[in-house]
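To keep things clear, I will list the structure first and then write my remarks on it.
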Amino acid sequence: MDTNALNKALTALLTKKHELHQLAYSDSRYDDVEEELHDLEDDFNEEYGEFLEAALEKVHGDLSSDTDVLLPTAYLPAGLQLTSEDGVWVDSEKYPGKVRLVLLPNPVRFVLTSKGQQHELWKA
């Protein structure tokens, strides 16, 4: 796996997602940017989905989680800065309470956020 290409694609996807979130629904560019984002998501899942889903299966196994594995793009943060609301809720026997799993770039990695802390669980 070319991790540099993966990171570049992930960064482009997050940049486009951030661009969309900066626009109001009434903005004339909103529909075009939203379509570009969906195209990027589709391309990303097609190109890297199998690789990242295998990583997610491992992460879920390590967490002793029975939460379903979703498409990799479901784990993206909403913007360029990680917040406590980003990612996908997962259950875990290792981490009590509600935890979220997030896909981040630079380097590409899955991070678990719990009680204001971050735990890197996998890195490309």
Straight-line distance of Asp66 CG to His60 NE2, nearest 0.5 Å
10.0 Å
So, the side chain of Asp86 versus the backbone of Thr83: is there a donor-acceptor pair under 3.5 Å, distance only?
yes
Looking at side-chain heavy atoms only, is the closest gap between Leu6 and Phe44 below 4.5 Å?
yes
Decide yes or no on side-chain contact (heavy atoms from CB on, under 4.5 Å) for Thr3 and Val108, but give the supporting numbers first.
CA-CA 8 Å; Thr3 56; Val108 176; over 6 Å; no
List the steps and the verdict of side-chain contact (heavy atoms from CB on, under 4.5 Å) for Val90 and Leu112.
CA-CA 9 Å; Val90 294; Leu112 185 86; 4.0 Å; yes
Nearest heavy-atom contact between Ala12 and Leu40 is O-CD1, 4.1 Å
So His38 and Glu35, side-chain hydrogen bond (donor to acceptor under 3.5 Å, both in side chains) or not? Walk me through it.
CA-CA 5 Å; His38 291 308; Glu35 187 173 323; over 6 Å; no
One pair to check against side-chain contact (heavy atoms from CB on, under 4.5 Å): Leu121 and Asp62. What are the steps and the verdict?
CA-CA 9 Å; Leu121 302 178; Asp62 291 347; over 6 Å; no
Do Val102 and Leu71 land in one hydrophobic cluster if side-chain heavy atoms of ILVMFWY residues count as linked below 4.5 Å?
no
Just verifying a value: how many Å separate Leu103 CG and Leu14 CG, rounded to the nearest 0.5 Å?
7.5 Å
Quick one: closest heavy-atom pair of Val69 and Tyr75, and the distance?
CA-OH, 3.7 Å
If you round to the nearest 0.5 Å, how far is CG of Leu23 from CG of Asp31?
10.5 Å
In Å, rounded to the nearest 0.5 Å, how long is the span from CD of Gln81 to NE2 of His18?
8.5 Å
Within the distance-only criterion (no hydrogens, no angle test), does the side chain of Asp91 pair as donor or acceptor with the backbone N or O of Ser65 below 3.5 angstrom?
no
More than 12 heavy atoms from other groups under 6.0 Å of CD on Glu120:
yes
Do Tyr95 and Leu82 share a hydrophobic cluster (ILVMFWY, side-chain heavy atoms under 4.5 Å, transitive)?
no
Does the pair Leu63 and Val59 meet the rule for a side-chain contact (heavy atoms from CB on, under 4.5 Å), with working shown?
CA-CA 6 Å; Leu63 290 172; Val59 167; 3.9 Å; yes
Compare every heavy atom of Ala24 with every heavy atom of Tyr30, then report the nearest pair and how far apart it is.
CD1-O, 3.5 Å
Distance-minimising heavy-atom pair for Thr67 and Trp89
CG2-O, 3.7 Å
Write down the atom of Pro72, the atom of Leu56, and the distance for their closest heavy-atom approach.
CA-CD1, 4.4 Å
Glu85/Arg100 ion pair, N-O < 4.0 Å
yes
Do the ring planes of Trp122 and Phe110 sit parallel (below 30°), tilted (30 to 60°) or perpendicular (above 60°)?
tilted
Find the distance between CG (Leu20) and NZ (Lys17) and round it off to the nearest 0.5 Å.
9.5 Å
Does atom CD (Gln22) have a neighbourhood of more than 12 heavy atoms from anything else shown, all under 6.0 Å?
yes
From Leu101 atom CG to Thr113 atom OG1, the distance as rounded to the nearest 0.5 Å:
8.5 Å
Do you know which two heavy atoms are closest between Lys123 and Pro107, and how far apart they sit?
CD-CG, 3.4 Å
In the single-linkage hydrophobic clustering (I, L, V, M, F, W, Y; side-chain heavy atoms under 4.5 Å), do Leu104 and Val99 co-cluster?
no
What about Phe51 and Val111, same hydrophobic cluster or not, with Ile/Leu/Val/Met/Phe/Trp/Tyr joined at side-chain heavy-atom distances under 4.5 Å?
no
